[in-house]
Amino acid sequence: MREDEARWRELRGVLDGGRGWLGEAAGALYPDVPRVAGTALLCRDGWVPDVPVPLAGVRLEWEARAVPPAVVDPPDGLPSGYRTYADAMAALAPPRVFENRPAYRLLAAAPPVLRLGPARYFDGVNVGEAVAHELAACEGGGLPLRDRIGDPCDLSRRAALPAITTVTLTASGSYVLHWRDPAKVAHAGGLHQVMPVGVFQPLGGEPPDMWECMVREYAEELLGMDEHYGEGFVQAEWPFHREMTAARDGGRVRPYFLGLGVDPLTFALDLLTAVVIDDDVFRDLFGGLVAVNAEGEVSLAPFDGTVPQPVQPAGAAALALAWRHRRTLLPALSSR
């Protein structure tokens, strides 16, 4: 390994080991940008509805030929010979799963309407992880890439690939908590998070559907199912999808959209959701809840308004909004 490659990998280790304090430093760079529910997650006015929106009320619009973002594949700080940050990650510090799969780019947000276009997973990595790496490497010499991007909430500046962050609540008042292992993930290693969480992306060329993506993440993250579904997979015919969807249609699984926001460190963009599940349905669906999955450790925590530390900003925001709206989400519990 060349000296510049070794130095890059060393700084990548600093980033992975310090996302908590680096996130705080990044947040301090945007004192005038609104926050989601008093957390570190950045947002714009109108991105967080006053009340939870039933997921079926979110309208997704599609734009097949979007204007390219202003900042693409920045080469800042890469070892010589590497064109993109994803190239360097794949060669020098690859997480367990690192594939350039199809994804969606968020072009505009005016909840409950979201406009999306096509993208690839590495479009987000190349800017988001690079800007975080730049901050980890900064020794008072400026942040040129972060300066080029400007407003983190300007969706035209970069390929803003949304993830869906879901706080899963049982009717009796617990939620599913995740610790993200930095050896297994490309983003937010070492931090706590709600779950499931996953990049909003298709399996193939199907239109965007938040519920379908969330169901797959439930199977993968809570039950440890393989994320490679094979040729000829039809989600509507998948028994797990049919069971979860039937419970949703019967009012025993209740999904809501809470808002969206941007992580100040990596500019990761999260669509915040809450799913309330009746206890018996939770036992039926997730009685096999794993303790360790492909991305870290899994547990149940009391839903009492507290937030574990260190935590990913999107997780803190989802928990804060869910607690703010607990009388809507868990009326029987909040009336006790």
Starting at [atom1] of [X], measure out to [atom2] of [Y] and round the result to the nearest 0.5 Å.
X	Y	atom1	atom2	value
Leu258	Thr166	CG	OG1	9.0 Å
Leu285	Arg252	CG	CZ	10.0 Å
Asn126	Thr84	CG	OG1	4.0 Å
His192	Glu297	NE2	CD	8.0 Å
Leu107	Leu116	CG	CG	6.5 Å
Phe200	Leu60	CZ	CG	5.0 Å

Report yes or no: do [X] and [Y] belong to one cluster of Ile/Leu/Val/Met/Phe/Trp/Tyr joined by side chain heavy-atom distances under 4.5 Å?
X	Y	answer
Trp179	Leu223	no
Val281	Leu300	yes
Ile149	Val72	no
Val176	Val275	yes
Leu42	Leu269	yes

Between Gln235 and Tyr229, does the side chain to side chain donor-acceptor pair (under 3.5 Å) criterion hold? Intermediate values first, please. CA-CA 9 Å; Gln235 183 156 342; Tyr229 292 88; over 6 Å; no

Using the six-membered ring wherever Trp is involved, compare the ring planes of Phe240 and Trp238 and label them parallel, tilted or perpendicular (cut-offs 30° and 60°).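 The arrangement is tilted - the two ring planes meet at 30° to 60°.
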
Say whether, by atom type as modelled, one donor and one acceptor occur between the side chain of [X] and the main chain of [Y] under 3.5 angstrom.
X	Y	value
Asp270	Leu272	no
Glu227	Glu220	no
Asp279	Ser172	yes

Heavy atoms from other residues, nucleotides or ligands near [atom1] of [X] exceed 12 (cutoff 6.0 Å):
X	atom1	value
Glu99	CD	yes
Arg9	CZ	no
Asp226	CG	yes
Arg101	CZ	yes

Are [X] and [Y] side-chain neighbours, meaning at least one heavy-atom pair lies under 4.5 Å?
X	Y	result
Leu271	Leu114	yes
Val33	Cys153	yes
Val127	Arg157	no
Thr39	Val311	no
Glu24	Leu22	no

Given Thr168 and Tyr218, is the side chain to side chain donor-acceptor pair (under 3.5 Å) satisfied, shown in steps? CA-CA 10 Å; Thr168 299; Tyr218 269 107; 2.6 Å; yes

Kindly list each side-chain donor-acceptor pair under 3.5 angstrom involving residues 313-323, sequence neighbours excluded, with atom names and distances?
none

Qualifying residues under salt bridge (Lys or Arg N to Asp or Glu O under 4.0 Å), relative to Arg216, sequence neighbours excluded: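 Once residues adjacent in sequence are excluded, Arg216 has no partner under the salt bridge (Lys or Arg N to Asp or Glu O under 4.0 Å) criterion.
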
Residues in salt bridge (Lys or Arg N to Asp or Glu O under 4.0 Å) with Asp4, at least two apart?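 Once residues adjacent in sequence are excluded, the partners of Asp4 under the salt bridge (Lys or Arg N to Asp or Glu O under 4.0 Å) criterion are Arg2.
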
Does the pair Glu221/Arg180 count as a salt bridge with the N-to-O cut at 4.0 Å?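 Between Arg180 and Glu221 there is no salt bridge, as every charged N stays at least 4.0 Å from the carboxylate O atoms.
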
For Pro34, all residues meeting side chain to side chain contact (heavy atoms under 4.5 Å, CB included), sequence neighbours excluded: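 With sequence neighbours excluded, Pro34 shows a side chain to side chain contact (heavy atoms under 4.5 Å, CB included) to Cys43, Asp45, given in chain and number order.
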
Partners of His178 by ring pair (Phe, Tyr, Trp, His ring centres under 6.0 Å), sequence neighbours excluded?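 His178 satisfies ring pair (Phe, Tyr, Trp, His ring centres under 6.0 Å) with no residue once adjacent residues are dropped.
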
Could you list the donor-acceptor pairs under 3.5 angstrom formed between side-chain atoms of residues 201-215 and any protein atom two or more places apart in sequence or on another chain?
from, atom 1, to, atom 2, distance (Å)
Gln201, NE2, Pro102, O, 3.0
Glu206, OE1, Gly204, N, 2.9
Glu206, OE2, Leu203, N, 2.8
Asp209, OD1, Trp211, N, 3.0
Asp209, OD1, Glu212, N, 3.0
Trp211, NE1, Thr245, OG1, 3.0

